[in-house]
Amino acid sequence: MKSSISSLKSGILVSLASVLATACATGGGTPSDKIAAERSKAYIQGLSYVLAGKAGGICALPTTAQKVALSSSDAPSKEWKDLLSKASACAGDKNWKTLEPVAQALARIDINAPWGAYFMSVSAEGTGDWQRALWMVELAQKKAGVANGLFLYQHGRIWAGLKETTKAMSDVQKAVSLEPKLVAGHLFLAEIHHRDLEWDQAAEHYASVLSVEAENPQALAGLGDVRINQNRASDAAELYTKAISAQSSRLEWWLRLGSIYETNLKNNELALSTYKGLRTSLDKGEVKQRPSIDLQAKIKALEDAVVSARQPAQATVSSAAVKPDQLRSKK
Amino acid sequence: MKTQAMDLKMRFAHLIAGALLLSISMSATVANAKNKKPDAGIEEQLTLKLGDETGNEVKSLKTELLVMRSNKQAVAQLKKILNNKQRPPNKKLESELLYRLGEAYMNRARNERFFEVHKNSDQILSFVPQLIKEASEKEQVLEAIKTYQRLQAGFPHFYKMDIVIYNTAYAFQQMGDDKNAETQLELLIKEHASSPLVPDAYLNVGELRFQHRDFTAALENFRAIRRFPQARVFPYGLYKAAWTYYNLQDATSGLKQLEEVVAFGRQIAQTKQDSKLDLRKEALMDMALFYSDVKKAPDAVKYFQAQAEELDAIPYIMRLVELYNRHSDYKDIESVLKDVLKTFPDSPSAAQAHEELAWNYERMKQRAEAGQQLASFDQWCDKLVASLPKPKKGQVVVAPDCVEKITDASKKLSVKWHAIWKKQGGPDDLAVSAEQTYRLYLKHASLRDAELPAVRYSFSELLFARSKFREASENYAILEEYALKGAKVDAKVAHDAAYGAIFALEKSNADKWSDVDEKLFAKLSDSYIRRFPQGQYALDLQFKRAFIAYEKERYDEAAPQFKRIGWVIVGTGTTSSDKIQKSQDLYLDILNIKKDYKGIKDAAKTLLDRKPEGARITQVEKIYSEAYFSEIQQTEEKGDLAGAVEAYKSFALENTASELAPKAWWNASQLQFRLGDAQGGANTCYQMHKLFPKSTNGRDCLTKAAQTFEAMGRLELAAKVLLNLALVESEKQAHWREVSADFFALSGDKERAATMYQKLADERKDKKEQVALLDKAAILARDSGDMKALASIEARFSREGIEPQASRLIVEQAEQAFEKQDFTKAFNLSKKIISRDSLPKDLLARARYVQAEVLADEYRHQSLKANVARVGLVLALKTEKLEKAQKAYQSSINYGDPKISVKGLRRLADVYIDYAKSVRSMELKGISETDIAAFRAETEQLVVPMEEKGIEAMGQALAAAKKAQLRDGEIADLQIEVNRLNLKSEVTSPVTVRSPALYVPKFDSSSAGGAS
């Protein structure tokens, strides 16, 4: 019952956001989409989108010159790049207090650029002001003129923050269509589909992630889990192996991989190898969490099983199997 | 009549006295010559000089003193001899000495008379005050009478006794003793009939009788003189007889007597005798009087022509005319004068007739004829002048009498007619005559006539009045020439003429100034201003001069003149004229034509500093503000936009009352936008409403400000602007206020926004709109934790039955009651909702779900613990509760709300499974194992289907969740549950969905990255 009440609050916020004035409520302040697209073009070309914190730069308040700089309505100002860099840095630092004036300066000086509004959205989101965050990103979208993947993505993020998952998925889906390199968007969609047991959709988005970031451990592990449910255990083992290779600290992946070998693929040797690899990682402190199973007993049992199994015939080691040495070297 | 008689008497008295004096002076001269030789220098000293009145008076005094001294010596000597006791004179000598003494006394009497006559002369009084004081003619005359009477008494046979008697009579006359005088004269006539003094005696007696108006006696004596045609007084006797007849009312006889006098005089003249005896002129002159009494006017000219013969008859005719005039016989005058001019056309004396004829017409008020007569007179005079011999070099030219007459008459008549015309306002022919006559006067007049300037001025005035402006101007201007030539011109006339010359010139060209006229105007106005710097029109003329230049678009010339009038002269504070204001306006106009707005601004500021009054201050303020504004516009046009922004703002703040102030403020805002200072522009627009709430641009400015702030994401500022915009744009007031509230909400000021929404809701008539606003207010109140406001709104929903809000509140209350385990309240509140079919399905579903939950709770609390005897009942009760819960869940599911349906199905599945589990685990006490096994077998029949229903319901929940795309983890949860119920092992790891990570833009290192 508690969950229903908390969802009620988020529902109220959503409804408020939908009824509040949409961007450019006063009309003529914004040009047509075509004109807006033309004006904002210079502000979007040559940019790539990176996860907050990966953009570099230093978060700082606008300089005196930036505070008094005149607005530029025809072409990008000389201030905008520095301000953009500062804003990205502040967002990475989650320094909303500094981000807001930087975003305002951007919005004032380069009034046609979408970035002031975008960072004001980010700032509002950071302080939990969802309605404002939505409104601002919609303003940014307006200024952009044409559909922009990042702004749709931000819109989806806000819906996600408001627990409006369906709306969030819709926006993020559109965003990644426009901007496939927004891997976090694919990952978000993949995880939802994964959770909701929609294997094909989940696999598709995990694959999209991996097409951009081939060693994304979450995507590898997630896709690996999906493959199991799709009865593609070998693929699953291979993906988990890559996932562990990319990020060896995740206990559950070791166990999952061991289980796949042992249960799905009936390959005790690789299962043994996996559990031994886990033991080594535990010993080295790479994996912090303690396993719920008796790892030593598991290894002993598997060693026995392997020994007994070797008598009649020599087992073939899967090329996808992860050797402890390999894991160490990959780390 | 008496006067004329007296004049003649005096003439005769002097004639007689002159004879006496001649003899005396000759005697005195002889006597003086014996004593002293005359000094030639003294004679020269005593000669009178013409024009030297003071000197002549002194010389007369000297002469008189010399004569007096001589006479005194004579009296003294004669008395000494007569009174010598030792050697008394003999009788003959004594009589002779007495005769001489009498004469000496008479001479002394004349000396005394001199001083008596001159007793008021300061000059003589200063020299001989004592003599003046003691002067007495009477004493000397009395001494003379006494001496003559002693002689008559003592020496009756004295050989000059007729003279002694005559002199005695004269002395008595001097004393005013006419009686003794007449006695003496009659004695003379009677006792000395042969004396040559007898005609004189008759004349004197006649005079005395005439004087005493005894005309008959007088006539007798005058007629006695006719017996002595050789006597000197003969013509006088005739003449006096004529007058005596006239006084005896016998003018005809009198006229005949005068004709005799004339005839006698002609004879005297012809024989070249003493001209003093020729009394023709006097007689002819008096004839006019007598003629007027007895004869007709038409014959007059012929009569006098005949009487006068070689003499000029015209003066005597003019005398007659004068007499006719006295009797107002103007027709007779006209007749006579016309006859004169006809008879004597070339006589110089005709001038009199010409002039008089003109005056006669004037007296008859025939002014046109009078004017024509003067014109004829002038022509006649011109002819006369032309006929005169040319003067030799150096010779003084003496104008003929006619010129003076014409000048005088024309002056008098023209001025008079002009005055009448002015007074009567017509007729025009009088003005015509006046003008013509003025011209005659001015033709001949010279500056010797002191009245010439005044007459010229009057003539100019007449010309002006008759719209002959140019000639009027020329004539007015001549007065200055007169002044330059030394003529005395009345100050006011001089001033008015100077201005008149200019004003008439202006009228003559109807204010269309040719270059020639303008030059003349400049000359005349310069003269006026030079001569009358403080003159009434000095300022007007300066203005006019500038104005002409202005009208001819010579602005560089006009501007400094207007400025001088409008700013310098007025600065003296001594002049007040509309021309000053006009000069100011025209100067400002020129600056405006030149687009010298700074000049206008500065000039207008100077005027304002002088604190003008009334409407002027408003006018100048308007000019000032417009110039100021235009100056800023120039700054803007030159590209100094930042400077223009500052200037516009300063202007607006300094001239808040000006209608241009809001425009300036608006311009400043627009320039700021152009400059790229969008925020500054928006702020300026925001202030505009506060500063100039009535501005026509206020709405546009506020709209622009709101748009700008919105575009910048500065919603808190946009919200404030929109509040002002709502005031300005009344037709969209509600809309702007709502958007403003939205912006306040989006800016974090949710409390304010909530309040605004509520106010807006109060004002809305449309229920839907009202509810929508209240919804927003409620959401914000809840979001900002303002429970009081929220409660108020919700109370309103309930109070007013606003749906579905009121019902939603009930549902929420039901849900809260259920959470607080107040199941009865929860159930009853929900019950209220369920009966309202018109409510939204989700609300009905939620209400029914609450009821289902309550019933499910009742079901769970329905214990299955019981003894064998009650097993059936307990089980029945449990099943009944189950059915109630099941029914409630199913109906909540049936409303079709996806979330409630999924939840309902899941809860229903739970209940089913719980029922199976509960029944299966029922504890039965007090029965055998066998019975228990039988009971279990029996109940299993009931439990298994229920278990299957539970699994089925759970599967339905999963399917519904998938169908509804419930993406908050429900699907996975349900799937896990379904798997568990179906005894399927876990094949998937639990997935935690993480929020999508934030992305930020970054410049590609390889890319140019847009603008620098």
Side-chain angles (χ1 to χ4, degrees), chain A residues 1 12 16 19-21 24-26 28-30 42-43 45-52 55 70-72 75-76 78 84 88 91 107-108 111 116-117 120 122 129 131-132 135-136 139 150 153 157 160-161 163 165-166 169 172 182 184-185 188 191-192 194-197 225 228-229 252 256, chain B residues 675-679 703 706-708 710-715 718 722 738-739 742-743 745-748 772 775-776 779-780 782-783 812 815 818-819 853 903 962 965 967-969 971-972 975 987-1004 1007-1012:
Chain A
M1 196 51 71
I12 288 167
L16 180 62
V19 297
L20 286 182
C24 303
T26 56
T30 52
Y43 293 103
Q45 284 178 339
L47 287 173
S48 59
Y49 308 129
V50 298
L51 287 168
L70 292 175
S71 302
S72 172
K78 62 181 180 182
L84 190 80
S88 291
R108 183 181 65 77
I111 202 163
M120 279 193 255
V122 171
D129 193 345
Q131 296 97 326
R132 181 175 167 83
W135 196 93
M136 288 295 175
L139 177 61
L150 182 64
Y153 176 74
R157 288 185 66 247
K163 308 296 181 194
T165 312
T166 307
M169 286 177 74
V172 174
L182 295 173
F188 171 70
E191 286 175 350
I192 290 172
H194 187 176
R195 180 193 65 193
D196 293 344
L197 314 175
D225 195 59
I228 292 169
N229 285 284
E252 69 273 22
R256 190 71 173 157
Chain B
L675 277 166
D677 183 8
Q679 188 163 354
T703 305
Q707 289 169 349
T708 303
E710 187 180 337
M712 287 178 177
R714 299 300 301 274
L715 301 184
L722 287 171
E738 187 174 349
V739 176
D742 290 348
F743 283 175
L746 289 166
S747 307
D775 270 343
K776 285 206 270 189
I779 292 165
L780 286 177
R782 185 181 288 116
D783 196 31
E812 287 171 2
E815 288 169 343
F818 179 77
E819 278 200 6
E853 288 284 85
K903 283 165 70 176
K962 284 184 178 178
Q965 289 281 296
R967 294 294 189 182
D968 295 324
I971 295 170
Q975 185 64 60
V987 293
T988 185
S989 305
V991 177
T992 303
V993 178
R994 289 160 299 175
S995 292
L998 173 65
Y999 277 93
V1000 293
K1002 181 186 178 188
F1003 292 103
D1004 287 341
S1007 169
S1012 60

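Each chain gets a letter, A, B and so on, in the order the sequences are listed, and its residues count up from 1. Side chains included, hydrogens not; waters and symmetry mates left out as well; all remaining heavy atoms used.
Contact of the A/Ile111 side chain with the B/Met712 side chain is registered, since non-hydrogen atoms from C-beta on lie closer than 4.5 Å. The side-chain heavy atoms of B/Phe1003 and A/Leu47, taken from C-beta on, include a pair separated by under 4.5 Å.
Most heavy-atom pairs under 4.5 Å with chain A: of the set B/Leu998, B/Asp775, B/Val993, B/Ile971, this distinction falls to B/Leu998. The candidate with the highest count of non-hydrogen atom pairs below 4.5 Å against chain A, out of B/Gly969, B/Pro996, B/Ala678, is B/Pro996.
Here the CG-CE distance, from B/Leu746 to A/Met120, works out to 12.0 Å after rounding to the nearest 0.5 Å. In this structure, the separation between OG1 on A/Thr166 and CD on B/Gln965 is 6.5 Å, given to the nearest 0.5 Å. How far OG1 of B/Thr992 is from NE2 of A/His194: 10.5 Å, rounded to the nearest 0.5 Å. Distance check: B/Ser995 OG to A/Glu191 CD gives 10.0 Å after rounding to the nearest 0.5 Å.
Of all non-hydrogen atoms in A/Arg195 and B/Ala972, the two that sit nearest each other are O-CB, 2.8 Å. Taking each heavy atom of A/Leu51 and B/Ala997 in turn, the nearest pair found is CD2-CB, 3.5 Å. Nearest heavy atom pair, residue B/Lys1002 against residue A/Ala55, reads CE-O, 3.6 Å.
Under the ring pair (Phe, Tyr, Trp, His ring centres under 6.0 Å) criterion, A/Tyr153 pairs with B/Tyr999, not counting sequence neighbours.
Residue A/Leu150 touches chain B through its side chain alone, counting heavy-atom pairs closer than 4.5 Å. If you measure heavy-atom distances from A/Leu84 to chain B, the contacts under 4.5 Å come from the side chain alone. For a residue to count as touching a neighbouring chain, one of its non-hydrogen atoms must lie under 4.5 Å from one of that chain's; by this rule A/Ala160 touches chain B with the side chain only. Interface residue B/Arg994: backbone and side-chain heavy atoms are both found under 4.5 Å from chain A. With a threshold of 4.5 angstrom between heavy atoms, A/Asp129 approaches chain B through side-chain atoms but not through N, CA, C or O.
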Show your reasoning for whether side chain to side chain contact (heavy atoms under 4.5 Å, CB included) applies to A/Trp135 and B/Leu715.
-> CA-CA 10 Å; A/Trp135 196 93; B/Leu715 301 184; 3.3 Å; yes

With salt bridge (Lys or Arg N to Asp or Glu O under 4.0 Å) as the test, would you mind laying out the steps for B/Arg967 and A/Asp196 before giving the verdict?
-> CA-CA 8 Å; B/Arg967 294 294 189 182; A/Asp196 293 344; 3.0 Å; yes

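Here the side chain of A/Ser88 pairs a donor or acceptor atom with the backbone of B/Pro1001 at under 3.5 angstrom.
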